[in-house]
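Some notes on the structure that comes next.
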Number of protein chains: 2
Amino acid sequence: MSHVGYGCLMALDRDHVLRSAAALLTRKSTATMDEVARAAGISRATLHRHFAGRDALVRALEALGIAECEAALDAARLDEGSARDAVTRLVHEIEPAAGLLAFLYTENQLFEGEEQNEGWARLDERITALFRRGQESGEFRIDLTPVWLTEALYGLFASGAWAVLEGRVAGKDFQFNIVELLLGGALRREES
Amino acid sequence: MSHVGYGCLMALDRDHVLRSAAALLTRKSTATMDEVARAAGISRATLHRHFAGRDALVRALEALGIAECEAALDAARLDEGSARDAVTRLVHEIEPAAGLLAFLYTENQLFEGEEQNEGWARLDERITALFRRGQESGEFRIDLTPVWLTEALYGLFASGAWAVLEGRVAGKDFQFNIVELLLGGALRREES
DNA sequence: CTTGAATGAGACATCAATGTCTCATGTGGG
DNA sequence: CCCACATGAGACATTGATGTCTCATTCAAG
């Protein structure tokens with residue numbers, strides 16, 4: 001009775017499949033189930049044994065993306081230290097998931113139905129709270145709303161991930177580029 | 001013989017169809033040809049008389065987006081005055097096309113084949129040159145590459161357009177939000 | 001009125017992706 | 001060795017979108 005239900009390898013495989021699918025769909029969001037299976041090194045039949053269908057796969061990717069984001073927010077300790085440093089830690093922690101985030105960000109199919117994962121709202125709330133904290137502490141300007149700053153951060157994640165993917169910018173500059181642009185902007189500082 | 005080939009109304013209709021399709025596909029990028037036709041107030045048969053197929057429609061949208069962007073760049077007179085003001089004019093001029101741009105930005109199908117419209121390279125070059133000019137004039141910081149600033153601007157266009165579409169930010173703040181974040185960043189200025 | 005063009009509605013075949021099924025294979029544990 | 005299970009390969013039907021066709025209708029110009 002050591003093999004009740006799913007064996008111990010399936011859990012590992014499932015995660016591997018999920019990450020392969022994330023990597024592939026980030027580059028080609030219209031990839032076939034067959035292509036996803038090949039990218040993971042398994043057959044289409046096995047892929048269907050893990051995920052009932054394409055919809056289930058996308059939902060699982062959504063859950064993975066949300067989970068990784070929440071883990072990143074936890075690791076970044078958003079309510080410690082200056083808001084500026086917290087944003088820096090946030091971008092650093094979330095970088096490994098940026099590609100997956102960019103894919104999910106463009107799957108507007110996920111947000112049009114009645115059934116949308118409440119995880120996004122939780123993430124939005126936490127990030128928005130960080131920007132609000134920065135405004136209240138006097139670090140951030142108050143003429144840009146926390147909601148917009150959050151949306152802008154998502155957009156910069158997506159463009160940053162794609163720019164790295166296409167080789168337009170170096171991967172090692174990902175965090176620096178996003179943090180510096182989001183916080184400091186393109187203008188030269190007059191102060192030293 | 002006044003009606004040789006296509007009548008005079010088809011040109012107007014074609015443009016109207018194109019803009020309806022842009023508006024719809026911005027919200028739902030997987031919309032059916034039938035949905036696109038309904039959104040334009042015409043039948044699927046007529047839609048096919050304008051555009052041979054979905055691929056042709058997307059290509060036409062791509063051409064429209066590029067044309068509108070180039071017109072916006074012309075109108076913004078990127079090489080006049082300060083680079084900062086030029087960026088402001090650029091965002092202002094490109095705002096009406098932001099939704100279409102956001103849609104095309106996520107159609108990675110357009111960029112994976114050998115045949116990619118060279119219009120994008122022209123646009124990239126002109127915007128990149130603007131940021132480079134700002135750096136050389138001392139207005140912009142030099143530790144963020146012009147290429148990244150261009151990519152970031154695209155990302156901010158997309159997130160700005162979607163945020164307005166979903167009602168998360170007010171449409172009247174579109175230009176202000178993007179320009180202020182891109183140029184000034186989220187940090188409060190010490191100077192002044 | 002007459003005519004030609006554009007259109008809308010719908011029928012139809014096609015095609016690609018999907019979902020489901022069976023069966024042979026291999027593999028690891030008992 | 002034997003067996004249970006996961007897998008790969010492939011066949012098959014289904015589904016939804018697509019592309020093409022016909023035909024009746026409308027509409028405007030002559």
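Lettering follows sequence order; numbering is per chain, from 1.
A straight line from CZ of A:R54 to C1' of C:dA16 spans 13 Å, rounded to a whole angstrom. Going from atom CG of A:D55 over to atom P of D:dG16 covers 14 Å, rounded to whole Å. Nucleotide C:dA5 holds its C1' atom 13 Å from the CG atom of B:D13, rounded to whole Å. One atom, CD1 of A:I42, and another, C1' of D:dG8, lie 11 Å apart when rounded to the nearest Å. Here the P atom of nucleotide D:dA9 and the CG atom of A:L47 are 14 Å apart, to the nearest Å. Summarising the geometry, the separation between CG on B:D34 and C1' on D:dG16 is reported as 12 Å, rounded to the nearest angstrom. When the P atom of D:dA17 is taken as reference, atom CZ of B:R38 falls 12 Å away, rounded to whole Å. In this structure, A:L57 atom CG and C:dA17 atom C1' are separated by 14 Å, rounded to whole Å.
Put simply, A:T32 has a side-chain N or O that comes within less than 4.0 Å of OP1 or OP2 on C:dA17.
Using a cutoff of 4.0 Å between basic side-chain nitrogens and carboxylate oxygens, B:D143 and A:R188 are not scored as salt-bridged. Here B:R27 does not pair with B:E166 in a salt bridge; the nearest charged N to carboxylate O distance is not below 4.0 Å. Of the charged side-chain nitrogens involved, none lies within less than 4.0 Å of a carboxylate oxygen, so that B:D85 and B:R77 do not count as a salt-bridged pair.
Checked against C:dT7, C:dT18, D:dT18, the side chain of B:T46 finds its nearest nucleotide in C:dT7.
Atom CG of B:L61 and atom CG of B:L110 lie 9.5 Å apart (nearest 0.5 Å). To the nearest 0.5 angstrom, B:R89 atom CZ is 13.5 Å from B:I94 atom CD1.
Between B:W162 and A:Y105, the ring planes are perpendicular. Angles over 60° get that label, and only those under 30° would be called parallel.
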Original post:
Quick one: what's the B/S/- string for nucleotides 20-27 of chain C, heavy-atom cutoff under 4.0 Å, read 5' to 3'?
Top reply: B-------
